[in-house]
> 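Below are the structure tokens for one structure; questions will follow.
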Amino acid sequence: MADIQIDRIVKAFGTVVALEEVRLDVPDGEFLALLGPSGCGKTTLLRIIAGLETQTSGRVRIGGRDVSDLPPRRRALAMVFQNYAVFPHMTVAENIGFGLRMRGDDAATVRAAVGRAAELLKMTPYLDRYPSKLSGGQRQRVAVARALAVEPAVLLMDEPLSNLDALLRLEMRAELKAVLREAGTTTLYVTHDQTEAMGLADRIAVMEKGRIVQIDRPAALYRHPRTRFVGGFVGTPPMNFIPVVAAGGRAMIGPLAVQAPVRDGPVLMGVRAEDLDLTDDDGAAPLMVRVTEPMGSHLLVTGEAAGVTVRAMAPADADLPAGRPVGFRPRPERVVWMDPESGQALEMRA
Amino acid sequence: MPARSPYLPYLLIAPSILFLAVFFLWPFAQTVVMAFTVDGQTSTGNFARMAADLNFWPAMGNTFALVIVVVPLQVALALTMAVMIQKMTTGRDIVLWIWTIPLGISDLAAGLAWLAILSNNGYFNTVLFHLGIISGPTGWLSYETPLTLFFAVVVAEVWRATALVFVILVAGLQLIPKEYAEAAEVFGASPWQRFRHVTLPLLKPSLQSALILRTVLAFEVFAVAYALGGRNIPILVGEAYTWMNANQNTGVAAAYAGVVLLVSLASTIVWLRVIRVRREHLP
Ligand SMILES: Nc1ncnc2c1ncn2[C@@H]1O[C@H](COP(=O)(O)OP(=O)(O)OP(=O)(O)O)[C@@H](O)[C@H]1O
Ligand SMILES: [Mg+2]
């Protein structure tokens with residue numbers, strides 16, 4: 001059993017507050033992705049869990065044991081560093097076997113584990129090379145293999161696939177997921193890349209400016225963002241937010257009346273691009289097309305409606321040149337409502 | 001823009017080459033000529049005379065013994081000090097400053113300071129006397145007490161020149177990115193394992209420079225030994241000085257200088273071989 005409990009962790013670097021009362025429970029065996037923009041405190045949180053940084057206040061428990069005051073080597077976890085930190089004076093094999101050698105495993109065990117980890121990350125041909133003779137992506141894979149080789153109960157990964165090409169990343173992602181599920185490893189996985197987070201994670205925690213703003217299963221996070229930030233950050237393209245005025249359960253976008261089961265007054269209607277139906281009906285909300293981008297499977301249409309940028313999707317063969325007015329209708333069951341002031345989701349009326 | 005002249009680099013280093021030629025290469029050549037000249041004739045007589053001298057082998061032995069004891073001691077001490085200071089956050093600069101004070105003191109002054117401490121009526125004996133360990137003035141630095149004299153020189157040399165090694169190692173440690181120590185720690189390395197498997201290998205280039213510099217300088221030890229023991233502890237450079245000044249024999253003095261040069265060169269080669277620095281294994 002190795003669950004992670006992060007209890008009101010605060011971290012201040014001088015006057016910069018990197019983490020504000022972060023709470024997070026990762027149950028045993030869960031794969032949790034930490035998603036957030038650059039500088040929001042993801043690395044700092046991971047480093048505090050690893051014991052490389054001392055929290056200003058708060059506690060970290062791993063497997064029920066309070067490790068807050070233990071040095072990193074007593075916390076029994078492994079980590080993939082954002083900057084790899086692959087030892088330059090050791091070969092790939094020595095790097096991968098480092099953790100095993102430090103805990104005194106015998107040579108045969110080390111060799112077998114190194115072989116397995118290298119195989120998984122396709123690094124077998126490079127076992128005798130030194131890191132200076134590797135590409136960035138290969139070094140990164142050494143860092144991942146080094147962490148997997150110790151078969152940790154808790155694994156912290158800081159953007160471990162960021163330097164791989166798209167195809168290899170896709171492959172590695174699948175391999176990682178399979179291996180970690182098989183081993184039942186509790187994993188905290190930091191990434192910028194939300195497709196990666198969506199594809200890999202059991203749950204995603206979205207961070208913003210040192211706080212965790214929402215933790216949910218990928219689908220729920222996508223469907224029901226709890227704040228405007230989450231809706232805008234998760235999903236490509238970002239969620240549309242159209243300002244309307246709700247009155248008596250209804251709101252008007254131009255000539256189109258939509259159901260607005262929220263409090264009366266100005267509100268934001270959040271709706272994803274794929275949940276807008278484009279149409280040439282007279283009764284639809286008008287959209288002035290500015291750009292269309294062919295995405296292969298569909299067209300991404302960017303235009304203007306109600307004074308804001310709105311993105312919608314159209315079939316790949318639709319004829320929508322820039323400057324053409326078109327209409328859209330949001331699917332009512334797919335709409336979320338936000339407070340324009342606070343950016344928080346609004347309660348829906350029954 | 002016109003292409004840069006290929007001669008420019010040579011032009012730029014010419015002054016320093018000239019300087020070295022006038023003040024180093026020329027005297028060096030002269031020394032070699034002197035060492036191989038007896039009464040205006042080319043000969044190896046100076047070397048024969050040097051080797052036959054009563055003090056030659058003791059000087060050789062003492063010098064090597066000093067190098068073998070002093071250099072490892074200094075490196076071990078400096079390494080410990082450098083690692084310790086690396087861990088400090090407050091007061092680090094003050095400690096660094098205090099530990100490097102000896103760098104600013106000339107070796108003769110250092111020798112005289114230790115003479116004041118260790119002479120018959122020196123501070124050391126005063127303390128021992130008050131503690132009741134000795135009953136009166138006791139000599140540590142005479143020809144009758146070669147062992148204590150030797151260790152007095154060792155102590156003074158360690159005190160005087162460890163800072164040099166220390167400064168080089170501190171600079172070297174600062175060049176090692178801390179991510180490696182962190183990775184080692186996360187993967188379960190104890191403090192000793194971290195030092196042994198990560199810090200030490202990455203410190204090799206600085207360690208090599210420090211060892212070469214310190215060994216070469218240790219073979220040239222003179223003022224400290226001379227201040228403490230005079231000729232009671234014969235050493236190579238001291239003998240060169242005696243032949244030059246007291247005996248007015250520049251030929252044999254030059255032969256001694258030649259020997260010092262040879263052992264210094266040899267020690268440099270040894271360190272280059274023993275501690276192999278491979279650039280591609282560094283960050
Ligand atoms: N050692 C430090 N001293 C001062 N401020 C720091 C330090 N480390 C991080 N910070 C600050 O803390 C905040 C969070 O940094 P952190 O590295 O955790 O971000 P991140 O989410 O990992 O970003 P990225 O995605 O770019 O890696 C940033 O504002 C950063 O400037
Ligand atoms: Mg980071």
> For the residue pair A:M90 and B:H197, what are the closest heavy atoms and their distance?
CE-O, 3.6 Å
> Do A:R73 and B:S190 have side chains that get closer than 4.5 Å, going by heavy atoms?
yes
> Are more than 12 heavy atoms, taken from residues, nucleotides or ligands other than A:R74, located less than 6.0 Å from that residue's CZ atom?
no
> Heavy-atom pairs under 4.5 Å with chain B - which of A:G99, A:A50, A:A85 has more of them than the others?
A:A85
> Could you state the interatomic distance from CD (B:E179) to OH (A:Y84), rounded to the nearest 0.5 Å?
11.0 Å
> How far apart are the closest heavy atoms of B:L202 and A:P88, and which atoms are they?
CD2-CG, 3.7 Å
> Side chain from CB out, backbone as N, CA, C, O: work out which of these in B:L282 comes under 4.5 Å of a heavy atom of chain A, or both, or neither.
backbone
> Check each atom of A:A76 against the heavy atoms of chain B and say whether the ones under 4.5 Å are side chain, backbone, both or neither.
neither
> Please report the C-alpha distance between B:E182 and A:R47 in whole Å, then the side-chain angles of each, then the deciding distance to 0.1 Å, and finally whether the side-chain contact (heavy atoms from CB on, under 4.5 Å) criterion is met.
CA-CA 10 Å; B:E182 289 183 347; A:R47 288 173 57 84; 2.8 Å; yes
> Specify the closest pair of heavy atoms between A:P71 and B:E185, including all atoms of both residues, with the distance to one decimal.
CB-OE2, 4.4 Å
> Please indicate whether A:E119 has more than 12 foreign heavy atoms, meaning atoms of other residues, nucleotides or ligands, lying under 6.0 Å from its CD.
no
> Check whether more than 12 heavy atoms from other residues, nucleotides or ligands sit under 6.0 Å from atom CZ of A:R103, and answer yes or no.
yes
> Take atom CD of A:E20 as the centre, draw a 6.0 Å sphere, and report whether it contains more than 12 heavy atoms from other residues, nucleotides or ligands.
yes
> If you take all heavy atoms of A:R146 and B:A183, which pair is closest and at what distance?
NH2-CB, 3.9 Å
> Restricting to non-hydrogen atoms, name the atom on A:M102 and the atom on B:F187 that form the minimum distance, rounded to 0.1 Å.
CB-O, 3.7 Å
> Looking at B:R92, I want to see if its CZ is surrounded by more than 12 non-hydrogen atoms of other residues, nucleotides or ligands under 6.0 Å.
yes
> Quick one: what part of A:R75 sits under 4.5 Å from any heavy atom of chain B, side chain, backbone, both or neither?
neither
> Can you confirm whether B:F28 is buried at CZ, in the sense that more than 12 heavy atoms of other residues, nucleotides or ligands lie under 6.0 Å from that atom?
no
> Looking only at heavy atoms, which two atoms of A:H89 and B:P201 are closest? And how far apart?
CD2-CB, 3.4 Å
> Verify the neighbour count for atom CG of B:L8: are there more than 12 heavy atoms of other residues, nucleotides or ligands below 6.0 Å?
yes
> Using non-hydrogen atoms and a 4.5 Å limit, figure out which bit of A:F87 sits close to chain B: side chain, backbone, both or neither.
both
